[in-house]
Structure formats: structure tokens, C-alpha cells
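Contents: one structure, followed by commentary.
Letters A, B, ... are given to chains in the order of the sequence lines, protein chains preceding strands, and every chain is numbered from 1.
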There are 2 protein chains.
Amino acid sequence: MATTGHRAAPEHTHPDDVPVLTALAALADPVRLALVRELAGSAEWSRSCGSFDVPVGKAALSHHFSVLRGAGLVEQRDEGPKRVNRLRRAEFDARFPGLLDLVLRGD
Amino acid sequence: MATTGHRAAPEHTHPDDVPVLTALAALADPVRLALVRELAGSAEWSRSCGSFDVPVGKAALSHHFSVLRGAGLVEQRDEGPKRVNRLRRAEFDARFPGLLDLVLRGD
DNA sequence: CCGAGTGTTCGATGGAAACCATACACTCCC
DNA sequence: GGGAGTGTATGGTTTCCATCGAACACTCGG
């Protein structure tokens with residue numbers, strides 16, 4: 001039978017709908033900053049949530065990705081049992097020109 | 001007699017010595033964001049700390065300015081009984097190109 | 001159908017940060 | 001010198017957020 005059982009699609013916020021303060025707050029955290037940077041260095045849709053090298057448990061990690069989605073920084077898609085990620089470079093850069101470059105251009 | 005009594009000069013941090021995360025955290029607060037924006041719309045050294053339109057008391061205000069100094073965003077100088085402020089536009093922009101523009105270019 | 005793997009949700013906890021009220025330090029003007 | 005104006009420091013309260021452990025939902029491969 002047609003399985004109605006699909007996982008709840010993650011809620012996304014387009015960068016255009018994101019206030020500056022939200023974007024700044026999302027990036028002003030060491031873990032999320034690491035996530036964004038690592039994501040930027042990988043091919044799109046190539047990284048599942050659990051594949052990142054950050055010193056927090058699953059629960060916290062899930063929360064951080066939720067924040068990144070809400071800031072229009074990350075897009076997610078379900079692929080089998082995993083949730084794979086993509087950095088919304090172009091869209092986010094259009095809304096906040098230079099911000100992403102700034103963050104990715106290490107210290 | 002020669003008055004040794006001078007007020008402690010405020011400690012400043014040059015933008016070049018500021019980590020990205022510190023800069024972002026400094027700007028990711030509604031009160032400080034308002035301070036920076038209001039300061040950007042005023043002539044340099046024209047605004048004393050108390051002259052800003054933010055809904056917090058003196059103590060909190062003083063703290064916020066301390067954070068802004070530590071992020072290399074604001075320079076202060078004592079002028080009589082008041083402490084006047086200046087936005088370090090050029091220096092901060094050299095260290096974090098575009099970030100200040102982004103924040104000042106309202107929503 | 002069960003078990004392993006993956007991610008979300010919930011409740012609780014700890015620590016950081018914002019805030020206030022008070023007290024203090026300094027500068028100026030009368 | 002006294003008093004008004006301005007800012008800082010201190011102590012205590014509250015609010016927020018990052019984190020964890022555990023329970024739950026879903027997918028896939030035996």
C-alpha cells in the first residue's frame with residue numbers, strides 16, 4: 001500500500017526572510033561556525049548531519065542545524081535514513097553580501 | 001597641586017586583534033546593534049554614552065559599550081565629564097570588509 | 001519482522017549574559 | 001567646597017541558550 005509514512009520535511013527559511021540579527025546570532029556560535037565552514041568545504045548534498053567533526057552530542061547537533069535552517073544558511077533533504085545538507089551560498093550571499101565570505105575567510 | 005586624578009582611560013582593542021566570532025557576537029544583540037546604527041548616523045566624537053536612545057539603564061549601557069570597545073567597533077575618549085564615542089568605520093571595515101555596511105544597511 | 005543506523009523531540013540542568021539598583025569616582029560650574 | 005551631571009564597578013536576580021540523556025520516529029538491510 002502507498003506508505004503515508006514520510007518523515008516530516010524540515011522547515012526552511014529563505015535568506016530573504018531572515019533579519020540581520022538572526023543571521024548574526026546564528027553565526028555567533030563556535031559550533032555552528034564550524035559546521036558552516038566544514039560544509040563550505042564539501043560538495044553539496046554530500047554531508048549527512050552526523051558526519052561533522054564537532055564536540056557535541058546528537059541532540060545539540062540537531063538543534064544547531066535547526067538554527068542554521070532558520071537563518072537561511074543551510075538546506076536539508078532526506079536521503080534514505082540520512083539527512084543531507086547544502087550550504088545556501090548564492091542565496092545567502094545575495095541577502096547578506098560578503099557575510100559568508102567573511103566567515104569562511106578563516107581568521 | 002598637580003592632580004594625579006585622571007579617569008582610567010578606556011581599554012581599546014584594535015579590530016585587527018578581534019576574532020570573527022567576537023565581532024559577530026558583539027553585533028548579535030539588539031541594543032548594541034541600535035547603538036552602532038545610531039552612532040553611524042552621527043558625527044564622530046559628537047555623542048556621549050548617555051545620549052543614545054536605548055531602553056536600558058546606565059549600568060547595562062556601560063557594559064554594552066565595553067563590549068563594543070572589545071570588538072574594535074567603538075573608540076572612546078574622555079571629554080570633560082562625558083565620554084564621547086566614535087565608530088571605527090575604516091579600521092573595522094578593513095578587518096571585516098562589508099560587515100559594517102551590512103549592519104547599517106537596515107533590513 | 002527485527003535490529004542497526006540516523007535524526008528529532010522532550011525535559012532538565014548548568015553556565016553565560018543581560019539587566020537593575022546601589023554605591024563609588026571623576027569633572028565641571030557655582 | 002558643595003552639588004549636579006556623567007560614567008564605572010559591584011552584587012544579586014533573572015532570562016536565555018547550549019548541552020545532555022533518554023525516549024521516540026523513520027529507513028534500510030538482513
Nearest-nucleotide wise, let me know which of B:Asp29 and A:Val84 is further upstream toward the 5' end of DNA chain C.
A:Val84
For B:Val56 and A:Ser62, take the nucleotide of DNA chain C holding the closest heavy atom to each; which residue's nucleotide lies nearer the 5' end?
A:Ser62
Taking atom CZ of A:Arg83 and atom CG of A:Asp78, what is their separation to the nearest 0.5 Å?
4.0 Å
Residue met sooner reading DNA chain D from 5', once A:Ala8 and A:Ala60 are mapped to nucleotides:
A:Ala60
Mapping A:Pro55 and A:Lys58 onto DNA chain D by nearest heavy atom, which one lands closer to the 5' end?
A:Pro55
Does A:His63 place a side-chain N or O at less than 4.0 Å from the phosphate oxygens OP1/OP2 of C:dT9?
no
Nearest whole Å is fine: how far is [N] [atom2] from [X] [atom1]?
X       : N      : atom1 : atom2 : value
B:Arg83 : D:dA9  : CZ    : C1'   : 12 Å
B:Gln76 : D:dT6  : CD    : P     : 16 Å
A:Leu21 : D:dC16 : CG    : C1'   : 14 Å
A:Phe65 : D:dA18 : CZ    : P     : 15 Å
A:His64 : C:dT8  : NE2   : C1'   : 15 Å
B:Arg7  : C:dC24 : CZ    : P     : 18 Å
B:Phe52 : D:dT6  : CZ    : P     : 14 Å
B:Arg77 : C:dC26 : CZ    : C1'   : 18 Å

Categorize A:Ser48 for me: base, sugar-phosphate, or nothing, with a 4.0 angstrom heavy-atom threshold over every strand shown.
sugar-phosphate
If only side-chain N and O atoms count, and only distance matters, is there a donor-acceptor pair under 3.5 Å linking B:His12 with B:Arg69?
no
Of all the choices, C:dT6, D:dA22, D:dG7, which nucleotide is nearest to the side chain of A:Lys82 once you look at every atom?
C:dT6
Report whether B:Leu21 and B:Leu73 are members of the same hydrophobic cluster (ILVMFWY, side-chain heavy atoms less than 4.5 Å apart, transitive linking).
yes
Short N-O contact, A:Arg77 and A:Glu79, less than 4.0 angstrom
yes
Start with the C-alpha gap between A:Arg86 and A:Glu91, add the side-chain angles, then the distance that decides, and say whether salt bridge (Lys or Arg N to Asp or Glu O under 4.0 Å) holds.
CA-CA 12 Å; A:Arg86 170 183 99 81; A:Glu91 307 131 274; 2.6 Å; yes
